[in-house]
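Not measured: the values here are computed from a predicted model.
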Amino acid sequence: MPSKRILFISNGHGEDNHTSHVIQTLRQLCPSLEMAAMPIVGEGKAYRSLNIPIIGPTQTMPSGGFFYMRRLYLLKDFQSGLIGLTWRQLQAVLQYAPECDLIMATGDFISQTFAYLTKRPFVSFISCLSALYEGRLRLNPLLWHDLNSSRCLAVFTRDPYTASDLQRQGLAKAKFGGIPALDRLVPTGKNLHLIPDVPAIALLPGSRMPEAARNFCLQLQLVREIAKVASGQQLQFYAALVPNLMSELDDIAKSQGWQHEQGILTYAAAGSSPVEVRCYSDAFNDIVYYSTLILGMAGLAVDLAVASGKPVIQIPGEGPQFTYQFAEAQTRLLGINAQTIGTKPATLEILQQAARRVIETVQDSDYLAKCKENGPERFGPPGASERIARFLLTYLGEIK
C-alpha cells in the first residue's frame with residue numbers, strides 16, 4: 001500500500017510550533033506517513049528543524065505576522081511584498097494538494113481558507129482563537145462557512161471552553177484539542193544551580209528578534225527595580241532565551257550596565273548586594289517547571305507557563321507583537337494567572353509598579369495556589385498532540 005500523505009498549513013510561529021508537536025507524535029505512531037508543510041508566516045523554522053519539506057516560498061515580514069497590533073506594520077508588510085508572497089504560497093498549496101490524502105490547517109482565517117480552497121478533506125486547529133477572550137467566539141462569516149463545510153472533518157480548539165462554545169453555536173464537529181507543546185513540557189534535568197526554598201523568577205522575553213532583545217532589556221531593568229524593593233526577600237532569576245539572543249548578551253550587558261560572564265548577567269549597585277540573571281538557550285522546560293513566577297513578554301511560552309499553573313506579570317513593550325493590546329488580550333485569555341502592569345511601553349514608573357507587584361505576588365500563597373488550579377483548568381489536560389494525531393490517522397485508516 002502506498003504511504004498516506006498530509007499537508008500542514010499554518011499561519012504563525014506559534015501555529016508552526018503547535019503543528020510540529022503533532023508531527024512528532026505522528027512520526028511515533030506511523031513512521032511511514034509522508035508529510036509536508038506550508039508555513040504562511042516566517043521561515044517555518046519549526047518544520048525545518050524536523051526536516052519536513054516546505055512546498056512553497058517563505059519570507060519573514062516586518063510585522064512577524066502581528067500587523068493587526070499596529071496597522072503601520074501592515075503597510076510595511078505590503079511594501080515587502082506580502083500580497084505577492086501570499087499568492088505564490090496559495091498557488092503552491094493548490095498545486096501540491098491533489099497529491100494529499102488530508103490537509104491540516106492551524107491558525108485563523110488565512111490558513112483555514114487555504115485548506116478549504118484545496119477542495120481536499122481537512123482538519124482545522126484554530127489554535128489562536130478562543131472564546132475566553134470575550135466569553136463567546138465570534139467567527140467571521142467566511143471562516144464560519146469554511147469550518148461548516150463538509151470538507152472540514154473536525155475543528156480542534158486550544159481550550160475546552162471554546163469547544164463547548166462552538167458546539168452551543170451549532171458547530172457539532174468542534175472538539176477540544178489543547179496545547180500540543182504542553183505534552184513535552186517536562187524538565188530535562190538541566191542543572192540550573194537553584195537555591196532551595198528561594199522563589200525563582202523566570203524571564204521569558206519572546207523568540208522573535210530583534211523584539212526579543214528589546215523586551216529582554218526591559219526585563220533586566222525590571223529585575224533591577226525588583227532588587228531595590230525586595231526588602232530582604234531573597235530571589236533568584238533565570239532567563240529562557242533563543243540562541244540568537246544568547247549571542248547578543250555581551251552587547252546587551254554593556255548597554256544596560258550589567259556584567260556578563262558565561263551566560264550569567266550580574267548587576268552590582270552601590271550599597272546593595274549584586275543581583276544575577278542566569279541565562280540559558282536550552283532550559284525552557286526546566287526554567288518554567290521550577291519557577292515561582294514568570295516575567296512574560298511572549299505568546300505561546302506564556303500560555304505554556306500558565307497551563308502549568310504559574311502566575312505571570314507582563315509589562316508592555318514596543319512590539320510589533322508584545323504591545324499593551326497583546327498583553328491585555330493575554331490577560332483576558334489567561335484569567336487570574338496574568339497581571340499586566342501599564343498601558344504603554346514600560347516607563348520607569350511602570351517598572352517600579354511591576355517590581356512592587358512581583359514582591360507582593362511571590363509572598364501571596366493564597367493567590368499562588370489559585371494560579372496552580374486556574375491554569376490547568378483553563379487550558380485543559382495535556383495530550384493535545386496525541387488527540388489530534390490519532391484523529392488524523394483514524395481518518396486515514398492507519399489506526400482504528
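- In terms of the side-chain contact (heavy atoms from CB on, under 4.5 Å) criterion, residue partners of Leu142 (sequence neighbours excluded) are, by chain and number, Phe109, Asn140.
- In this structure, Arg357 pairs ionically with Glu360, as a charged nitrogen and a carboxylate oxygen lie closer than 4.0 Å.
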**OP:** Evaluate the criterion ring pair (Phe, Tyr, Trp, His ring centres under 6.0 Å) for residue pair Phe391 and Phe156; output intermediate values, then yes/no.
**Re:** CA-CA 10 Å; Phe391 183 92; Phe156 285 98; 5.5 Å; yes
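- Taking every heavy atom of both residues into account, Leu218 and Pro316 meet most closely at CD1-O, 3.9 Å.
- Cluster membership check: Ile388 shares its hydrophobic cluster with Ile52, using side-chain heavy-atom separations under 4.5 Å among Ile, Leu, Val, Met, Phe, Trp and Tyr.
- Judged by distance alone, with hydrogens and angles left aside, the side-chain atoms of Gln167 form a donor-acceptor pair with the main-chain N or O of Ala174 at under 3.5 Å.
- In this structure, Trp258 and Val223 approach most closely via the heavy-atom pair CH2-CG1, 3.9 Å.
- With Tyr367 contributing its side chain and Pro311 its backbone, the two residues share no donor-acceptor pair below 3.5 Å.
- Judged by distance alone, the side chains of Gln363 and Gln233 do bring a donor and an acceptor atom under 3.5 Å apart.
- When only modelled atom types and interatomic distance are considered, Tyr47 and Ser10 share a side-chain donor-acceptor pair under 3.5 Å.
- Panel note: side chain Lys4, backbone Leu396; a donor-acceptor pair is recorded below 3.5 Å.
- At distances below 3.5 Å, at least one donor-acceptor pair connects side-chain atoms of Arg387 with backbone N or O atoms of Pro382.
- Residues Ser385 and Gln24 bring no donor and acceptor atom of their side chains to less than 3.5 Å of each other.
- For Arg214 (side chain) and Gly319 (main-chain N/O), a donor-acceptor pair under 3.5 Å exists by modelled atom type.
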Original post:
Can you check side chain to side chain contact (heavy atoms under 4.5 Å, CB included) on Leu393 and Leu29, steps first, answer last?
Top reply: CA-CA 9 Å; Leu393 293 175; Leu29 295 174; 3.6 Å; yes
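- Closest non-hydrogen pair, Phe326 versus Ala298, comes out as CE2-O, 3.9 Å.
- Nearest heavy-atom pair across Ala131 and Thr162 is N-OG1, 2.8 Å.
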Original post:
Between Glu373 and Lys370, is a salt bridge (charged side-chain N to carboxylate O under 4.0 Å, His left out) present by the stated rule, with each step listed?
Top reply: CA-CA 5 Å; Glu373 294 180 1; Lys370 290 177 182 176; over 6 Å; no
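- Leu220 is listed as a side-chain neighbour of Val277, based on a closest heavy-atom distance under 4.5 Å.
- Of the possible donor and acceptor atoms, none in the side chain of Lys310 sits under 3.5 Å from a partner among the backbone N and O of Thr292.
- Side chains of Glu386 and Thr25: a donor-acceptor N/O pair is absent below 3.5 angstrom, by distance only.
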**OP:** Go through the steps for Lys228 and Glu225 under the test salt bridge (charged side-chain N to carboxylate O under 4.0 Å, His left out), then give the verdict.
**Re:** CA-CA 5 Å; Lys228 291 178 184 178; Glu225 296 304 319; 3.2 Å; yes
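- The shortest non-hydrogen separation linking Ala253 to Leu265 is CB-CD2, 3.9 Å.
- In this structure, a donor-acceptor pair under 3.5 Å is absent between the side chains of Glu349 and Thr347.
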Original post:
How far apart are the C-alpha atoms of Asp286 and Thr188, what are their side-chain angles, what is the distance that settles it, and do they pass the side-chain hydrogen bond (donor to acceptor under 3.5 Å, both in side chains) test?
Top reply: CA-CA 6 Å; Asp286 302 80; Thr188 65; 2.7 Å; yes
Only pairs under 3.5 Å count here: list side-chain donor-acceptor contacts from residues 236-243, not counting sequence neighbours, and write none if there are none.
{"unit_1": "Gln236", "atom_1": "OE1", "unit_2": "Ile195", "atom_2": "N", "d": "2.9"}
{"unit_1": "Gln236", "atom_1": "OE1", "unit_2": "Tyr238", "atom_2": "OH", "d": "2.7"}
{"unit_1": "Gln236", "atom_1": "NE2", "unit_2": "Ile195", "atom_2": "O", "d": "2.9"}
{"unit_1": "Gln236", "atom_1": "NE2", "unit_2": "Val198", "atom_2": "O", "d": "2.8"}
{"unit_1": "Tyr238", "atom_1": "OH", "unit_2": "Leu192", "atom_2": "O", "d": "3.4"}
{"unit_1": "Tyr238", "atom_1": "OH", "unit_2": "His193", "atom_2": "O", "d": "3.3"}

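- Arg332 and Glu328 are joined by a salt bridge, as a carboxylate oxygen and a charged side-chain nitrogen come within less than 4.0 angstrom of each other.
- For the side-chain contact (heavy atoms from CB on, under 4.5 Å) test with Asn11, the passing option among Thr86, Asp16, Thr113, Ile110 is Ile110; the others fail.
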**OP:** For side-chain hydrogen bond (donor to acceptor under 3.5 Å, both in side chains), just list the numbers for Ser124 and Gln112, CA-CA rounded to whole Å, side-chain angles, deciding distance to a tenth of an Å, and then say yes or no.
**Re:** CA-CA 7 Å; Ser124 167; Gln112 307 305 326; 2.9 Å; yes
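- Residues Arg27 and Leu50 meet the side-chain proximity criterion, which asks for heavy atoms closer than 4.5 Å.
- Heavy-atom minimum distance, Leu185 versus Ser308: CD2-OG, 3.1 Å.
- Here the side chains of Thr157 and Leu129 are not in contact, with every heavy-atom distance at 4.5 Å or above.
- Taking 4.0 Å as the cut-off between side-chain N and carboxylate O, Arg5 and Glu99 count as a salt-bridged pair.
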Original post:
Step by step, would you call Leu235 with Ile359 a side chain to side chain contact (heavy atoms under 4.5 Å, CB included)?
Top reply: CA-CA 9 Å; Leu235 300 168; Ile359 299 301; 3.8 Å; yes
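- The closest side-chain donor-acceptor pair between Gln314 and Gln339, if any, does not fall under 3.5 angstrom.
- A donor and an acceptor atom, one from each side chain of Arg378 and Ser130, are nowhere located under 3.5 Å apart.
- Connection of Ile9 to Tyr116 is established within a shared hydrophobic cluster, with ILVMFWY side chains joined at heavy-atom distances below 4.5 Å, either directly or through further cluster members.
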**OP:** Walk me through it: do Met35 and Leu7 pass the test side chain to side chain contact (heavy atoms under 4.5 Å, CB included)?
**Re:** CA-CA 6 Å; Met35 294 179 279; Leu7 172 63; over 6 Å; no
Subject >> Intermediate values then yes/no, side chain to side chain contact (heavy atoms under 4.5 Å, CB included), Ile201 and Ser291 >> reply: CA-CA 6 Å; Ile201 297 179; Ser291 64; over 6 Å; no
Subject >> From CA spacing to verdict: side-chain hydrogen bond (donor to acceptor under 3.5 Å, both in side chains), Asn244, Glu248 >> reply: CA-CA 7 Å; Asn244 287 350; Glu248 294 189 10; over 6 Å; no
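- A donor-acceptor pair under 3.5 Å is absent between the side-chain atoms of Glu15 and the main chain of Ile126, judged by distance alone.
- Looking at Asn215 and Gln219, their side chains never bring a donor and an acceptor atom within 3.5 Å of each other.
- A donor-acceptor contact shorter than 3.5 Å is absent between the side chain of Asp165 and the backbone of Arg136.
- The only option from Gln89, Lys45, Arg48 that meets the side-chain hydrogen bond (donor to acceptor under 3.5 Å, both in side chains) definition with Thr58 turns out to be Arg48.
- Salt bridge Arg158/Asp303: present, at least one basic N to carboxylate O contact under 4.0 Å.
- Looking at heavy atoms from C-beta onward, Tyr267 lies out of side-chain contact with Gln259 at the 4.5 angstrom threshold.
- Within the 4.5 Å cutoff, no side-chain heavy atoms of Lys175 are placed close to those of Lys173.
- Linking Ile, Leu, Val, Met, Phe, Trp and Tyr residues whenever their side-chain heavy atoms come within less than 4.5 Å places Leu182 and Tyr161 in a single cluster.
- Of the N and O atoms on the side chains of Thr106 and Ser127, not one donor lies less than 3.5 Å from an acceptor on the other residue.
- Using a 4.5 Å heavy-atom cutoff, the side chains of Leu139 and Leu166 are in contact.
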